[in-house]
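Bear in mind that the values here come from a model prediction, so they are computed numbers and not experimental data. Counting convention: from 1, in listed order, for ligands and their atoms alike.
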Amino acid sequence: MNPQNISPKYLDSNATTPVDPEVVHAMLPFFNERFGNPSSSDNIHAMDAKKAVEHARETIATYINAEPIEIIFTSGATESNNTAIFGVIPHPMAKGSHIITTEIEHKAILECVDYFCELGGDVDYVHLNPDGTVNLNHLQELIKENTKLISIHAANNEIGTIQDLKAIGAIASSKQVHFHTDAVQALGLVPLNVRLQNISLMSLSAHKIYGPKGIGVLFVKKRRPRVRLKPLILGGGQEFGLRSGTLNVPAIVGFGKAVEILKKRGDTIRENLKQNRDLLWQLLQQIPDVELNGSMENRIPNNLNVWIKGVEAKALINMVSQFISISTSSACTTSSVEPSHVLKNLYGSEKRAFESIRIGLSRNVTEKDIRETADIIATAVQKIRAI
Ligand SMILES: *Cc1c(COP(=O)(O)O)cnc(C)c1O
């Protein structure tokens, strides 16, 4: 295969997205001409970089209805999730503390929670409805005297299910428990409002919204009530003392620009995604024996996850790989041969997990792309089933 001649259509946008050319353009000067260290003394170079960082911080804060001082830049949502859990419950406090989460979180939450348990912490996994939304009554029942944190994602990275953040936040705040949400998949696709939704901590990542990889945000609520967070990374005291290390200025500027684009063009982006996603689902249903994972109602508009009965997802993906890039389940676990923990958990079936594909539509997708994609999948399914 000569990669230069092959450009499969990209349909894996829940794993990552390309950097928007406008974002690249905004970032470029900060690699060389405007290379200052924003936390250095007040020389012109430092101040110029600092101004750019604070502009991005303000853009992101405004977009989720937070204050700029509540925005901490991290190396990505994985670090944000780690910081949310172990910053609120430092290691020596694990014993005697209780966390509530779901079994369908991203691994960057589940692995932290496992470690929290190794340290003597106590965890409960809230029951899920068939579409993957949390059972709110059960959530309420699970809250105990020593519950320190509820961590529930905003939208699922495999099946796209959107959680009722406002309802979860209301329950958490009525019991005075901090609510953390991993909102990576929701940013730009679902309204996020940390005040209205009573969110105490929120993880975000740039590379799922056409920004660069390696930059994330942790929103940390400053008042009513303030979240007391112990930093995991110590050093020069950057980011209000909560995350040391020289700031990644180009990436921060890129993140800010990516959010600015959402602010400007979000409505059009969402509408186009939804139209094309719905069309794709309509076309895929013409294949015999397919079933949707998750529900069509509470779903981010760039995601489809489909069970094609009797067709191993790996075989299908390989067969179509010259034409389209789709995925099995979470890209973050592709090194293992484990079936998706999300599907296994929701449907109690390894077979279903092994026979499901995830399709993540990109922003610039057209109706023609969708029709071609459906044809490619249908043809491959027919071939595999004929064997
Ligand atoms: C991609 C993703 C992450 C990881 O984000 P990084 O910035 O790559 O560390 C965490 N949570 C969810 C829901 C994701 O989709």
Side-chain angles (χ1 to χ4, degrees), residues 10-19 23 56 60 64 71-87 101-114 128 132-134 151-163 165 168 179-190 192 199 201-219 232-233 243 245 248 250-252 254-256 258-259 294 298-305 326-335 340-343 345-346 358-362:
Y10 187 71
L11 289 140
D12 196 14
S13 293
N14 301 111
T16 194
T17 56
V19 183
V23 172
I60 297 166
I64 59 169
I71 301 297
I72 294 162
F73 288 109
T74 65
S75 65
T78 299
E79 185 189 323
S80 300
N81 285 348
N82 276 258
T83 309
I85 292 177
F86 294 113
T101 186
T102 75
E103 283 177 306
I104 60 168
E105 297 300 311
H106 190 274
K107 291 284 181 183
I109 289 291
L110 293 177
E111 292 292 314
C112 289
V113 169
D114 281 354
L128 300 166
T133 53
V134 304
S151 182
I152 294 172
H153 59 287
N156 190 274
N157 56 301
E158 294 191 34
I159 56 169
T161 301
I162 298 167
Q163 301 290 346
L165 295 181
I168 297 167
F179 171 32
H180 166 252
T181 187
D182 174 343
V184 170
Q185 295 286 343
L187 184 61
L189 300 177
V190 176
L192 296 174
I199 292 162
L201 300 124
M202 183 192 279
S203 304
L204 301 172
S205 180
H207 76 93
K208 307 279 171 82
I209 60 153
Y210 297 77
K213 292 169 181 63
I215 188 75
V217 150
L218 181 63
F219 156 77
L232 302 194
I233 297 177
R243 204 285 187 180
N248 185 349
I252 290 170
F255 200 167
V259 169
N298 299 312
R299 194 181 200 109
I300 44 175
N302 65 354
N303 171 278
L304 263 189
N305 195 311
I326 55 176
S327 80
T328 46
S329 56
S330 173
C332 311
T333 52
T334 42
S335 57
S340 147
H341 68 283
V342 173
L343 298 179
N345 193 277
L346 273 181
R358 179 182 71 174
I359 304 174
L361 278 67
S362 38

Undergrad: If we only count N/O pairs under 3.5 Å, is Gln185 in contact with ligand 1?
TA: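 Right, the criterion is met.
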
Undergrad: Check salt bridge (Lys or Arg N to Asp or Glu O under 4.0 Å) between Arg299 and all other residues, then give those that pass, not counting sequence neighbours.
TA: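 Salt bridge (Lys or Arg N to Asp or Glu O under 4.0 Å) check on Arg299 returns nothing, list empty.
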
Undergrad: Rounded to the nearest 0.5 Å, what separates atom CD1 in Ile168 from atom CD1 in Ile152?
TA: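 Going from the CD1 atom of Ile168 to the CD1 atom of Ile152 covers 4.0 Å.
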
Undergrad: So Ile60 and Phe73, side chain to side chain contact (heavy atoms under 4.5 Å, CB included) or not? Walk me through it.
TA: CA-CA 11 Å; Ile60 297 166; Phe73 288 109; 3.8 Å; yes

Undergrad: Distance under 4.0 Å to a non-hydrogen atom of Asn157: what atoms of ligand 1 satisfy this?
TA: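 Going through ligand 1 atom by atom, the ones under 4.0 Å from Asn157 are 15 (O).
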
Undergrad: Contact between ligand 1 and His207 is defined here as a heavy atom of the residue under 4.0 Å from a ligand atom; is it met?
TA: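 The answer is yes, since His207 has a heavy atom less than 4.0 Å from ligand 1.
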
Undergrad: Relative to atom 4 (C) of ligand 1, which among Thr74, Thr78, Asn82, Thr16 owns the nearest non-hydrogen atom?
TA: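 Answer by nearest heavy atom: Thr78.
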
Undergrad: Looking at ligand 1, does Lys208 have a heavy atom less than 4.0 Å from it?
TA: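 So Lys208 counts as touching ligand 1.
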
Undergrad: Ligand 1 versus Ala77, non-hydrogen atoms closer than 4.0 Å: side chain, backbone, both, neither?
TA: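 Contact part for Ala77 vs ligand 1: both backbone and side chain.
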
Undergrad: For Glu79, does its backbone N or O pair with a side-chain atom of Thr83 as donor and acceptor, under 3.5 Å?
TA: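 Pair found, side chain donor or acceptor close to backbone of Glu79.
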
Undergrad: For Ser205 and ligand 1, does the shortest N/O to N/O distance drop below 3.5 Å?
TA: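 It does: an N or O of Ser205 is found under 3.5 Å from an N or O of ligand 1.
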
Undergrad: Answer yes or no: is there a side-chain heavy-atom contact under 4.5 Å between Leu165 and Ile199?
TA: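 The answer is yes, as the side chains (C-beta and beyond) meet within the 4.5 Å cut-off.
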
Undergrad: For atom 11 (N) of ligand 1, tell me which residue out of Val184, Asp182, Leu204 has the closest non-hydrogen atom.
TA: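 Going through Val184, Asp182, Leu204 one by one, Asp182 has the nearest heavy atom to atom 11 (N) of ligand 1.
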
Undergrad: Between OG of Ser327 and CD of Glu158, what distance do you get to the nearest 0.5 Å?
TA: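 Result: 8.0 Å between the selected atoms.
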
